[in-house]
Amino acid sequence: MTPVLPIELLAETSQALAQLALTGDPAHSGWLTRTLGRADDVRRLVPDLIGLSVVGVRTVGSSAVVASLVRTHTGLAFTAVACDEDIAALESVHATPIQVGSEVTPDPARAASTDPEDVLDELRWRRLAHATAATAVRSTLTLPILGTDGLVHWSITLYAGGTRAFDDVHDELADVFGAFAGGAVSNADLSFQTRVEARRTPELLREHVTVDRAVGILAAAMDISPETATVYLEVAASHDGKTVQDTAATIVEAHLRPDTDKPGESPRGS
């Protein structure tokens, strides 16, 4: 019988959700927390669930509209997953030999010795865990989540240890998350790349907040709309050969300096 693995938020995802709540976006933080917490509901349909990720999807056509990109959390990933040790244990249970030429070699997941001292060796176990974190995933299902405007703003990807784990349950899983079953995509992320992206999300969130602040500063200082300020920011970054994030950081830093001569009221006075 396949063991039931506890699904928990990545530490970085917990941090990112807290950041969202503190930076004035508690609605998305709450929705993401509830969505990632539906592992038990999914397990009724997919018993060998390993993890799930929610990722912000960019729906804006123009690359210049950074403000819209920030507000829809494009590129941010939030992940709940069984811990590496649990995944490694599951993989060692299911491991089968791999045929290489005329020889049969053991699966990498079986590389750990059965010697008790080796099993307890932390370094060896961690290496096994990292090797099996992706190989334990044998099927995935990605479902788009539509906004009120009918566009895709988020996608959710489910990861399982069985090769046919999601067969015939697309509609039921879409109902669990309020997603669009007709846009389901199978096995698009067998490498579990969203888990890697989720570890970068706290850093990306900080960058997004900085860009949003810079857009607000420019809009107020130049008496223009946020959309126009966004275009101005990207053009300025391109002209200087810098990233939008670096240019935004420079604007925010200059605005916070007591001796700044830029128009607009400093946050220190608010």
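As a basis for the values below, the full set of heavy atoms in this structure was taken, side chains included, without hydrogen atoms, waters or symmetry mates. Computed from a prediction, not measured in an experiment: that's the story for all the values here. We're numbering straight along the sequence, starting at 1.
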>> Using side-chain contact (heavy atoms from CB on, under 4.5 Å), reason through Q19 and V209 one step at a time and then give a plain yes or no.
In response: CA-CA 10 Å; Q19 284 179 241; V209 169; over 6 Å; no

Heavy-atom pair of closest approach, residues [X] and [Y]:
X    : Y    : result
H170 : A184 : ND1-CB, 3.8 Å
D48  : G162 : OD2-N, 2.6 Å
L218 : I224 : O-CG1, 4.0 Å
A160 : I50  : C-CD1, 3.9 Å
A198 : T13  : CB-OG1, 4.0 Å
T142 : S155 : CG2-CB, 4.1 Å

>> I'd like to check V42 versus F177 (side-chain heavy atoms, cut-off strictly below 4.5 Å). Are they in contact?
In response: yes

> Does a side-chain heavy-atom distance below 4.5 Å link T243 with E207?
Replying inline: no

Examine distances only and state if a side-chain atom of [X] and a backbone atom of [Y] form a donor-acceptor pair shorter than 3.5 Å.
X    : Y    : answer
T201 : A77  : yes
D189 : T194 : yes
S238 : E234 : no
T140 : A188 : yes
S29  : L17  : yes
T163 : R138 : no

Find the distance between [atom1] ([X]) and [atom2] ([Y]) and round it off to the nearest 0.5 Å.
X    : Y    : atom1 : atom2 : value
E197 : E12  : CD    : CD    : 13.0 Å
I156 : L36  : CD1   : CG    : 6.5 Å
I145 : L151 : CD1   : CG    : 14.0 Å
R44  : D40  : CZ    : CG    : 6.5 Å
F180 : L143 : CZ    : CG    : 10.5 Å
L9   : T79  : CG    : OG1   : 9.0 Å

> Would the number of heavy atoms belonging to other residues, nucleotides or ligands and lying under 6.0 Å from CZ of R200 be above 12?
Replying inline: no

>> Please verify the inter-ring angle class for W31 with W154; under 30° counts as parallel, over 60° as perpendicular, anything in between as tilted.
In response: tilted

Hydrophobic cluster identity match, [X] and [Y], side-chain contacts under 4.5 Å:
X    : Y    : answer
V196 : F78  : no
M222 : V211 : yes
L141 : V55  : no
V185 : L52  : no
L204 : L22  : no

> Which of these, L173, V176, V46, sits in a side-chain contact (heavy atoms from CB on, under 4.5 Å) with L158?
Replying inline: L173

